[in-house]
Amino acid sequence: MNKYRTHNCSELRVKNAGENVILSGWVNKKRDHGNLLFVDLRDNYGTTQCIVQKNQPFFEELEKIQLETVVKIIGFVSKRSADTINKEINTGEIEIQIENFELLGSCKELPLPVFTDQEYSEEIRLKYRFLDLRRKKIHSNILLRSKVISFIREEMTKLGFMEFQTPILTSSSPEGARDFLVPSRLNPGKFYALPQAPQQFKQLIMVSGFDKYFQIAPCFRDEDARADRSPGEFYQLDIEMSFVEQEDVFNVVEELLKRVFNKFSNKKFLFNKFPRITFEEAMLKYATDKPDLRNPLQIYDLTNIFLREDVSFEIFKKLVKSGSIVRALVAKNTKDKPRSFFDNFDKWAKSEGGSGLAYFTIEQVEKISAKGPVGKLFSTESIQEIMKITGAKVGDSIFFACNNENDVLQLMSVARDKIAKELDLIDKNSFAFCWIVDYPMYELDNTTKKLKFSHNPFSMPQGNEKDIDFKNPLNMKAYQYDIVCNGIELSSGAIRNHKPDLMYKLFEIAGYDKKDVDKKFGGMINALSFGAPPHGGIAPGIDRIIMLLADEKNIREVTMFPMNQNAQDLMMDAPSEITIEQLKELNLQIKKK
RNA sequence: GGGGGUGUAGCUCAGUUGGUUAGAGCGAUCGCCUGUCACGCGAUAGGUCGCGGGUUCGAGUCCCGUCACUCCCGCCA
């Protein structure tokens, strides 16, 4: 028999009444009635009410015990009387009559309450994460994470995939995020990098003939944090497959995500078959390549309206003439909204650094007209044209923004969310997945004005190799795709370029000559020239999947031991200073400020 | 690197236009209480109002600076 317990704290039922039992756990709560003491004992599985009367010799000792102390309770199970049953917990029909107890782990005065729904500061939560993790919500989030990960492993295995580990110490890559670097003791002056993703390794696994790979892979990127982005490290469900086209990857991922989301959430799927939206279409309709499709609002281009003679909105007309564009959103049935409703959006848009949001409401007394500060600047015919383009009806309002393309898109993307939230148009009980496809191979770097890879440099350009228009690289599309759910980008993926010659050509366009490519990606290119299968894959973010399933907005709520925004672990005190000896051994010197 | 928010007791927060001794709930300590399940009742302790400077007869409150946490932008192929 186990020394510490015969049962866990969620196990005992009426049928156990009369049995002698031993339970161990944390003192979750005490209710002290002076001559009668209730102790709620908690472990990973649940809580059990234990009770002791004053006549027991250890009564006073137990009465004074700190919450969160770990104790072993020895006693017997007794059935509760009907009026004292607690239906909230699954051991609520019984209680333990304590016959003795043993202190297993004492507890100092708590820096934060454990048994409470109260929110408290992240600083204190992260410093005492081991206490924070005892709390119900986050404890169950972490359990959910564990279950999801093992389910994913099972399902991937069923789908014929093999899990392989890839190195954690690897080489720095020139593209992409900032690397975390690790100095090499045996190779003075040289550094390893932690992998931003096992990108090259998973391709090498394909070249090695393993056909279907997956891994719950740690990824390291030294970039600034966001609510949905841990600083430092995160996990991807890394997938790669040989002899596949884009659709084959989609089928696997769609099937897997459906199984996972159906198993771990009651929310419904808005689309049973995930819609495919081209990058171009997404940017036009949603002004972002990670649209929240729960939001029914669409964006329309109204630039041409401002070239019309019968529109006298001179500020916008002037901007349009000098190259600005106009994009609009329709807010249905908003004619009765107060003036403040509209002005607040304009005020908000200005606070976003934009030029504001103009608006009018379509009305019809006899003729169709526009109401609002700029309404009279539009003729009936121009309003009718706007209604044709946008599908707006009498009683709807139009919000529009005019600026250069970048700024308009940025504003409209956020405005679309904000207006939908304000009008309560988003069904919170659903998942809206979609694929974003046909990404451009290259884009212009805003600061350097040079061409760069818009996503992964290893992606395969679309079309027959002979027909690819290398002269107009900005027109080149790639077999590059993203999967998005509820406005959250879960993953990017691509069919890879497995042809070294083509790869050199593509890198040349981005400004890397053959020598650069050989130096930076030599291992990869070399491998591809020894018989590489066509292959492709994807890597959905595990943390974000759990966030969606747990309905959490912050990634730290689904991460056991996260770092804070400044990439510090307040509990372990990382990063920390190291000794002179360690530095010497690594041939490093710290430059003083 | 830039912008916003927050910072008052161990924890969560209140604190009016600048005005006497900075409050509450939870927690802690002590006492009372035999059926609670957020038990109840009474008492006590607990404060560099993040830090530094300034304005003022007087600053938790106003101003300047700074630090910490957080959200966003940049960044994240």
Side-chain angles (χ1 to χ4, degrees), chain A residues 28-42 47-55 59 63-64 66-68 78 80-89 91-92 95 107-128 131-132 173-179 196-197 199-200 219-232 234 351-354 407 410-411 414 439-443 445-447 452-459 478 480 482 489 492-494 507 510 520-521 539 541 553-554 556 563-566 568 570:
Chain A
N28 193 54
K29 196 74 193 170
K30 286 182 300 181
R31 287 174 298 281
D32 189 352
H33 290 237
N35 292 312
L36 174 72
L37 173 69
F38 295 97
V39 176
D40 290 341
L41 198 67
R42 184 196 72 237
T47 56
T48 300
Q49 175 167 283
C50 306
I51 184 169
V52 61
Q53 320 267 343
K54 184 141 198 178
N55 55 18
F59 182 90
E63 194 182 32
K64 291 205 160 54
Q66 264 278 351
L67 296 183
E68 294 306 309
S78 72
R80 295 201 203 180
S81 66
D83 57 327
T84 60
I85 285 171
N86 182 354
K87 286 184 181 137
E88 302 294 312
I89 57 174
T91 58
E95 61 199 2
C107 179
K108 296 197 288 188
E109 187 176 343
L110 293 164
L112 54 87
V114 172
F115 180 65
T116 172
D117 291 328
Q118 194 175 80
E119 304 261 338
Y120 42 101
S121 81
E122 293 229 36
E123 199 174 354
I124 205 99
R125 290 182 62 188
L126 293 183
K127 183 163 182 192
Y128 296 96
L131 289 178
D132 189 37
S173 63
E175 290 279 319
R178 202 174 289 116
D179 285 316
Q196 297 179 20
Q199 180 61 36
Q200 295 193 55
C219 303
F220 306 89
R221 296 177 190 175
D222 188 3
E223 296 294 350
D224 289 353
R226 289 287 183 279
D228 63 348
R229 213 163 79 198
S230 284
F234 62 97
S351 75
E352 291 284 293
D407 290 351
Q410 197 164 349
L411 179 65
V414 195
Y439 274 83
M441 191 80 202
Y442 300 98
E443 64 189 15
D445 189 306
N446 269 336
T447 46
K452 62 171 190 180
F453 289 108
S454 73
H455 267 72
N456 187 325
F458 301 122
S459 297
Q480 165 84 48
D482 275 12
E489 182 194 317
S492 291
F507 266 105
K520 303 288 189 189
F521 304 103
K553 289 200 170 57
N554 195 299
R556 291 184 294 275
M563 299 200 283
N564 70 9
Q565 199 168 41
N566 294 321
Q568 298 160 335
L570 298 174

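Labels below follow one simple rule: chain letters A, B, ... track the order of the sequence lines, proteins then strands, and each chain is numbered from 1.
- Between Arg226(A) and rC73(B) there is a side-chain polar atom (N or O) within less than 4.0 angstrom of OP1 or OP2.
- In this model, a side-chain donor or acceptor of Arg229(A) finds a partner on the base of rC76(B) within 3.5 Å.
- In this structure, Lys108(A) does not pair ionically with Glu68(A), as no charged nitrogen and carboxylate oxygen lie closer than 4.0 Å.
- Checking side-chain atoms of Ser459(A) against main-chain N and O of Asn456(A) turns up a donor-acceptor pair under 3.5 Å.
- Residue contacts shown for Ser454(A) are limited to sugar-phosphate atoms, with no base heavy atom under 4.0 Å away.
- On the P atoms, rU36(B) is 33 Å away from rC11(B), given to the nearest whole Å.
- Here, rU61(B) and rG50(B) have their C1' atoms 16 Å apart, quoted to the whole Å.
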Assign a letter to each nucleotide of nucleotides 33-38 of chain B from its 5' end: B, base within under 4.0 Å of a protein heavy atom; S, sugar-phosphate only; -, no contact. BBBBBS
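- Note on Asn554(A): only backbone sugar-phosphate atoms sit closer than 4.0 angstrom, heavy atoms only; bases stay farther off.
- Under the Watson-Crick and G-U wobble criteria, each requiring two contacts below 3.5 Å, nucleotide rA24(B) is paired to rU12(B).
- Checking the phosphate oxygens (OP1, OP2) of rC69(B), a side-chain nitrogen or oxygen of Gln568(A) falls inside 4.0 Å.
- A salt bridge does not link Lys29(A) with Asp40(A): every distance from a Lys NZ or Arg NE/NH1/NH2 to an Asp or Glu carboxylate oxygen is 4.0 Å or more.
- For the pair Arg42(A)/Val114(A), a side-chain contact is recorded, criterion being any heavy-atom separation below 4.5 Å from C-beta on.
- Looking only at side-chain heavy atoms (C-beta outward), Arg125(A) and Tyr120(A) come within less than 4.5 Å of each other.
- Asn566(A) comes within 4.0 angstrom of the backbone, heavy atoms only, and of no base.
- Aromatic ring centres of Phe521(A) and Phe507(A) lie closer together than 6.0 Å.
- The side chain of Gln196(A) contributes no N or O atom lying less than 4.0 Å from OP1 or OP2 of rC76(B).
- Residue Leu570(A) is the one, among Glu223(A) and Leu570(A), whose nearest nucleotide of RNA chain B lies closer to the 5' end (criterion: closest heavy atom).
- Look at the P atom in both rU44(B) and rC26(B): the space between them is 15 Å, to the nearest Å.
- Remark: rA38(B) base-pairs with no nucleotide; criterion is Watson-Crick or G-U wobble with both hydrogen-bond distances under 3.5 Å.
- Across all strands shown, Pro113(A) has heavy atoms under 4.0 Å from sugar-phosphate atoms exclusively, and none from any base.
- Looking only at side-chain heavy atoms (C-beta outward), Phe115(A) and Leu67(A) stay at 4.5 Å or farther from each other.
- In this entry rU17(B) has no Watson-Crick or G-U wobble partner, no candidate having both defining distances under 3.5 Å.
- rU56(B) and rA68(B) have their C1' atoms separated by 29 Å, with the value rounded to a whole Å.
- Spacing of P atoms, rG47(B) relative to rG2(B), comes out at 37 Å, to the nearest Å.
- Comparing the P positions of rG52(B) and rC67(B) gives a spacing of 15 Å, expressed to the nearest Å.
- Rounded to a whole angstrom, the distance from the C1' atom of rC73(B) to that of rC64(B) is 26 Å.
- rG65(B) and rC51(B) make up a base pair, with Watson-Crick or G-U wobble contacts both under 3.5 Å.
- Picking from rC75(B), rC72(B), rG25(B) the nucleotide with the shortest atom distance to the side chain of Gln118(A) gives rG25(B).
- A donor-acceptor contact under 3.5 Å is not formed by the side chain of Arg125(A) with the base of rC11(B).
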